[in-house]
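Accompanying notes for the structure given below.
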Amino acid sequence: MTRTNLNRFGTLIAFVLLCVGFSIAAPAAFASPANVFNLIQQMATLAIVATAATLVMTISEFDLSVGFSASLAAVICFVLFGQGYEVWLAVPAALLVGIVGGAANGVLVARFGIPSFVATLALGTILSGFAFGLSGGQSLFQSVPDAFKALARGDVFGIPVLGFWIVAVLGVAAFVLTQTEFGRRLRAIGGNAQAARLAGLPIVRDVIVTFAIAGGLSALAGLLLASRLGSVQHTMGEPLLLPAYAAVFIGTTASPTGAPTVAGTLLGVAITGVMVNGMTIVGVEPFVQKIMTGVIILVAVLLRRVGRAK
């Protein structure tokens with residue numbers, strides 16, 4: 001295999017080898033249909049949050065509030081359920097909160113010039129405080145309508161419902177980034193913001209819209225996670241942040257230009273999900289899993305920098 005092909009398909013080969021390795025180590029557990037079903041369910045919310053991160057990284061920014069947005073949306077939805085509101089009102093209200101929070105991030109970054117790391121971390125902390133206050137620091141699990149549970153539970157023709165959410169969200173995101181004028185503008189902003197500004201592109205508006213979409217996707221991920229679990233904790237979305245960005249960075253190693261892509265992110269999500277699932281099955285300690293996730297991020301970043309240099 002040539003170096004070009006290795007650079008292009010190396011990440012995919014690593015994923016295949018990972019699946020083969022865990023299948024050999026635990027054939028009865030890892031390769032079983034039940035575990036594949038479970039793996040798709042586990043990856044769904046991560047894939048959606050990682051898609052949000054991909055959109056923001058396309059414009060060369062970061063959103064550290066994605067996990068907090070997911071938590072707050074789920075808490076708000078369950079609080080509304082507890083007050084007697086129906087699904088058709090509670091779910092859109094929770095999604096709107098995520099969109100507004102994302103738009104606020106965009107305003108701080110685009111209008112006021114605050115670095116995205118600082119702006120999104122600060123706003124994420126605020127969202128976390130609201131989630132804690134609304135939930136009282138307690139788990140919420142009462143008065144959950146069956147219609148809400150159906151959003152992420154069960155299957156259609158043997159395929160998990162969450163699998164269809166993955167296809168829908170990532171499919172739309174991929175179409176927007178590659179086939180629309182908006183997507184082309186985002187790539188232009190990420191490639192050279194100054195040149196995009198001189199070309200007359202609406203940078204401020206596009207950055208705000210991008211962050212708003214990321215906030216909405218994060219809220220959706222939180223709602224689907226809450227639907228699958230049937231309960232909510234005010235910190236439930238926070239563990240999604242690190243794996244989501246790990247998935248995006250892994251995905252960039254499969255891109256010829258080193259830029260984030262939806263297809264690459266999906267591959268990164270698959271690698272991250274399989275690693276966590278496989279290591280859990282073979283009995284790897286949780287602290288080792290976290291160490292491995294950090295190592296993966298470092299390796300992905302280094303490979304991305306090497307690829308860009310070449």
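The model shown is predicted, which means the values in this text are computed figures rather than measured ones.
- Distance check, rounded to the nearest 0.5 Å: CG of Leu123 to OG of Ser128 gives 11.0 Å.
- Side-chain contact between Ser69 and Leu127: present, with at least one pair of heavy atoms (C-beta onward) separated by less than 4.5 Å.
- Pairing each heavy atom of Gly268 with each of Ile250, the nearest pair is CA-CG2, 3.9 Å.
- Listed by chain and number, the residues in a side chain to side chain contact (heavy atoms under 4.5 Å, CB included) with Val16 are Val20 (sequence neighbours excluded).
- Thr235 pairs by the side-chain hydrogen bond (donor to acceptor under 3.5 Å, both in side chains) definition with nothing, not counting sequence neighbours.
- Ser32 meets the side chain to side chain contact (heavy atoms under 4.5 Å, CB included) test with Ala34, Asn35; sequence neighbours excluded.
- Atom CZ in Phe141 sits 13.5 Å away from atom CG in Leu229 (nearest 0.5 Å).
- Leu17 is not connected to Val276 by any chain of hydrophobic side-chain contacts under 4.5 Å among Ile, Leu, Val, Met, Phe, Trp and Tyr, and they are in different clusters.
- Every residue two or more places apart in sequence or in another chain was checked for a side chain to side chain contact (heavy atoms under 4.5 Å, CB included) with Val167, and none qualifies.
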Please table the atom pairs, donor to acceptor, closer than 3.5 Å between any side-chain atom in residues 199-211 and protein atoms at least two apart or in another chain.
| from | atom 1 | to | atom 2 | distance (Å) |
| --- | --- | --- | --- | --- |
| Asp206 | OD1 | Arg185 | NH2 | 3.1 |
| Asp206 | OD2 | Arg185 | NE | 2.7 |
| Thr210 | OG1 | Asp206 | O | 2.7 |

When the side chains of residues 36-57 are checked against the rest of the protein, which donor-acceptor pairs come out under 3.5 Å, sequence neighbours left out?
| from | atom 1 | to | atom 2 | distance (Å) |
| --- | --- | --- | --- | --- |
| Thr51 | OG1 | Ala47 | O | 2.7 |
| Thr54 | OG1 | Ala50 | O | 2.8 |
| Thr54 | OG1 | Thr265 | OG1 | 2.7 |

Compile the donor-acceptor pairs under 3.5 Å between side chains in residues 143-162 and protein atoms, sequence neighbours left out, one pair per line.
| from | atom 1 | to | atom 2 | distance (Å) |
| --- | --- | --- | --- | --- |
| Arg153 | NE | Ser227 | O | 3.0 |
| Arg153 | NE | Arg228 | O | 3.4 |
| Asp155 | OD2 | Gly158 | N | 3.0 |

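- The structure places CG of Leu72 at 6.5 Å from CG of Leu134, a figure rounded to the nearest 0.5 Å.
- Scanning both residues, Ala270 and Phe15, for their nearest heavy atoms gives CB-CE1, 3.6 Å.
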Q: Tell me, with the steps shown, if His234 and Ser71 meet side-chain contact (heavy atoms from CB on, under 4.5 Å).
A: CA-CA 6 Å; His234 69 279; Ser71 299; 5.8 Å; no
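- Hydrophobic clustering, with ILVMFWY side chains joined whenever heavy atoms are under 4.5 angstrom apart, groups Ile114 together with Val107.
- Gln233 has its side chain within reach of Ser139: a pair of non-hydrogen atoms, C-beta onward, lies under 4.5 Å apart.
- Ile213 CD1 to Asp63 CG: the interatomic distance, rounded to the nearest 0.5 Å, is 12.5 Å.
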- request: Evaluate the side-chain contact (heavy atoms from CB on, under 4.5 Å) criterion for residues Thr261 and Leu177: first the C-alpha distance (whole Å), next the side-chain angles of each, then the deciding distance (0.1 Å), finally the verdict.
  value: CA-CA 8 Å; Thr261 63; Leu177 284 178; over 6 Å; no
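- Residue pairs that meet the side-chain hydrogen bond (donor to acceptor under 3.5 Å, both in side chains) test with at least one member in residues 168-178, sequence neighbours left out, do not exist here.
- In the hydrophobic cluster analysis, where Ile, Leu, Val, Met, Phe, Trp and Tyr join through side-chain heavy atoms closer than 4.5 angstrom, Val176 is grouped together with Ile189.
- Ring geometry for Tyr245 versus Phe62: interplanar angle of 30 to 60°, hence tilted.
- Across all non-hydrogen atoms, the minimal contact from Gly190 to Ser60 is O-OG, 2.9 Å.
- If you take CE on Met275 and CE on Met292, they are separated by 4.0 Å, rounding to the nearest 0.5 Å.
- When side chains are defined from C-beta on, Leu267 counts as touching Leu12, because their heavy atoms get closer than 4.5 Å.
- Taking OG of Ser218 as the reference point, atom CG of Leu223 lies at 11.0 Å (rounded to 0.5 Å).
- Using a 3.5 Å distance cut-off with no hydrogens or angles, the side chains of Gln289 and Thr280 do pair a donor with an acceptor.
- Between Val274 and Phe30, the closest side-chain pair of non-hydrogen atoms falls below 4.5 Å.
- Partners of Thr272 by side-chain hydrogen bond (donor to acceptor under 3.5 Å, both in side chains), not counting sequence neighbours: none found.
- Taking the salt bridge (charged side-chain N to carboxylate O under 4.0 Å, His left out) definition, one finds that Arg187 meets it with nothing, sequence neighbours left out.
- Sorted by first and then second residue, the side-chain hydrogen bond (donor to acceptor under 3.5 Å, both in side chains) pairs involving residues 99-123 (not counting sequence neighbours) are Glu61-Ser116, Ser65-Asn105.
- Here the side chains of Ile166 and Leu266 are in contact, with some heavy-atom distance below 4.5 Å.
- Phe175 and Val262 end up in different hydrophobic clusters when Ile, Leu, Val, Met, Phe, Trp and Tyr side chains are linked at under 4.5 Å.
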Quiz: residues 75-97 side-chain donor-acceptor pairs under 3.5 angstrom, not counting sequence neighbours:
none

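- In the hydrophobic clustering of this structure, Val169 groups with Phe182; members are Ile, Leu, Val, Met, Phe, Trp, Tyr whose side-chain heavy atoms approach within less than 4.5 Å, directly or through other members.
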